[in-house]
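What follows is a set of notes on a single structure, which appears directly below.
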Amino acid sequence: MALRVAIVGAGGAVGSTLLMHMLKSSVLNPGDEIILLGRGTPESNGRLYATRMDLLDAFDEAAVRLTICASIEHLCTDIVVIAAGQTISKNRRTRRDLAHANLPLFERLAERFRKSAGCPLFLVVSNPVELAVAIFAAHLGPEKVIGIGAQQDSLRFARAIASQLGVHRSLVRASVLGEHGEAMVPMWSSVHLTVDDPESTSRLDALKARYERTNIKEEAAMTRKRLEELISTHQLAEAYELMEEIAPSTRIMVEPFITQSQIHSTPNATANATLEILSAAVVADGRRVHGQVQLSGQFHDIHGVCGIPLEVRLNGWLVSSQSQPTSAEIAELRASAGAIDAATKEWQR
Ligand SMILES: NC(=O)c1ccc[n+]([C@@H]2O[C@H](COP(=O)([O-])OP(=O)(O)OC[C@H]3O[C@@H](n4cnc5c(N)ncnc54)[C@H](O)[C@@H]3O)[C@@H](O)[C@H]2O)c1
């Protein structure tokens, strides 16, 4: 049967980049369909029609149907990607600012999807991702809702480690769980190589020994001060070079700060992380991905929204069995889930 994927916010930076990544990937087959949704205004629809034509000109050989849908209520689809909403900007600097801007949109979308046909899998890009997951899970069922932040952070962590080892990311697996924010938990216990190469393995062991016990918050605070100076004097190359001198676990917290100072989004990295989860759901081969989900005790007795390792299918997520966190990491994850719970409750008051 043909696969149907809807993208809400298809005209935005992440939504439109995801369209391109999907059409260039092998995850969709001829006859599959991508449905573009925007705000429903004439301006937004105009942008979607133009985006569609540009994509058809580029990727018509993929033979994937591109359609535009004005009404969520009539949508019948296997996967919905939520990439609509405000993003971090000069006027919205914190996750709290973003929460206040996007809460009404999340509630409206969740309510409208609840009334729509079918029971798709929801992949949530919009931030704060934990707030969106809490709202969507309450309306649409916890097993059907996955936030993509943890996958993006895990890919960043793997790349930061790969960069220090002098190898490509394809050789490194790593998980970042908990919050897609300050309370993220980089899981050193999860870091391993996909090749049996004694030299790289001994370099990874040395890296772990050097950085495993780094106080990320302290190092991040010190690095941010230095970055502010470098960014304010337009020394961007030096700012990115500084990333090689700090722990990979700190790097993933501070590097986005440099990127966001120059471009308003991270469309390619985010589209790639989303596509990885989407592909895992379609292929359904038990591969490990990561996502923020609403838990009721399935992972180390954590309750509430938290980033965890997942196996994903079109009919929902399961906890991945490919993860053995240490007791210290489990304690950190519980603290992260507590911080997420406190923040999401406060934002909804
Ligand atoms: N997980 C991540 O790492 C990550 C990375 C980048 C962006 N994001 C989040 O994804 C979302 C989109 O980011 P972007 O960079 O594509 O932003 P963008 O500003 O380029 O696009 C936002 C899209 O949302 C639509 N939109 C905004 N308000 C809307 C509303 N009230 N109703 C319907 N549609 C609305 C806009 O029309 C636009 O198409 C943001 O919430 C952002 O914070 C997450």
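In what follows, every heavy atom counts, from backbone to side chain, and hydrogens, waters and symmetry copies are set aside. Remember, it's 1-based here, ligands and their atoms both numbered in the order they're listed.
A salt bridge links Arg95 to Glu179: at least one charged side-chain nitrogen sits closer than 4.0 Å to a carboxylate oxygen.
Within the 4.0 Å heavy-atom criterion, neither part of Arg47 lies near ligand 1. If you look at Thr270 next to ligand 1, the close heavy atoms, those under 4.0 Å, all belong to the side chain. In Ser126, the parts holding a heavy atom less than 4.0 Å from any atom of ligand 1 are both the side chain and the backbone. Contacts between Leu105 and ligand 1 below 4.0 angstrom, taking non-hydrogen atoms only, involve the side chain exclusively.
Close placement of the Trp188 and Phe157 rings is indicated, their centers lying within 6.0 Å of each other.
Within the set Arg156, Arg92, Arg39, the minimum heavy-atom distance to atom 34 (N) of ligand 1 is found for Arg39. Relative to atom 26 (N) of ligand 1, the option among Gly9, Gly85, Gly11 with the closest non-hydrogen atom is Gly85.
Using a 4.5 Å cut-off on side-chain heavy atoms (C-beta onward), Leu121 and Asn315 make no contact. Annotation: side chain of Leu193 is in contact with side chain of Leu204 (closest heavy-atom distance under 4.5 Å). The shortest side-chain heavy-atom distance between Gln152 and Thr266 falls under the 4.5 Å cut-off.
Considering backbone and side-chain atoms together, Gly15 places no N or O closer than 3.5 Å to any N or O of ligand 1. Any N or O atom pair closer than 3.5 Å counts here, and Ala13 shares at least one such pair with ligand 1. Between Thr266 and ligand 1, no N or O atom pair is found at a separation short of 3.5 Å. Where the criterion is an N or O separation shorter than 3.5 Å, residue side chain and backbone included, Ile148 fails it with respect to ligand 1.
Glu73 CD to Arg112 CZ: the interatomic distance, rounded to the nearest 0.5 Å, is 4.5 Å.
Per-residue contacts place Ala84 under 4.0 angstrom from the following atoms of ligand 1 (heavy atoms of the residue considered): 24 (O), 34 (N), 35 (C). Close approach of ligand 1 to Gln86 is summarised as follows: ligand atoms under 4.0 Å from at least one heavy atom of the residue are 28 (N), 40 (C), 41 (O), 42 (C), 43 (O). Of all the atoms in ligand 1, the ones that sit under 4.0 Å from a non-hydrogen atom of Ser265 are 6 (C), 7 (C), 14 (P), 15 (O). Within ligand 1, the atoms closer than 4.0 Å to a non-hydrogen atom of Asn102 are 41 (O), numbered from 1 in the order shown. Close contacts of ligand 1 with His264, meaning ligand atoms under 4.0 Å from a residue heavy atom, involve 15 (O), 17 (O), 18 (P), 19 (O), 20 (O).
Ligand 1 lies less than 4.0 angstrom from a heavy atom belonging to Ala83.
The nearest pair of heavy atoms linking Leu98 to Gln86 is CD1-O, 3.4 Å.
Under the 3.5 Å distance criterion, the side-chain polar atoms of Glu219 are left unmatched by any main-chain donor or acceptor of Asn215.
Applying the side-chain hydrogen bond (donor to acceptor under 3.5 Å, both in side chains) test to every pair with at least one member in residues 273-288, sequence neighbours left out, gives these pairs: Gln151-Glu276, Asp285-Arg287.
Tested against His290, the residues Ser323, Ser175, Ser320 include a single side-chain hydrogen bond (donor to acceptor under 3.5 Å, both in side chains) partner, Ser175.
Of all protein heavy atoms, the one lying nearest to atom 38 (C) of ligand 1 is Gly12 CA, 3.8 Å. Looking from atom 13 (O) of ligand 1 to the surrounding protein, the closest heavy atom is Val14 CG2, 4.0 Å.
Ring pair Phe136/Phe113 is tilted by interplanar angle, where 30° to 60° counts as tilted.
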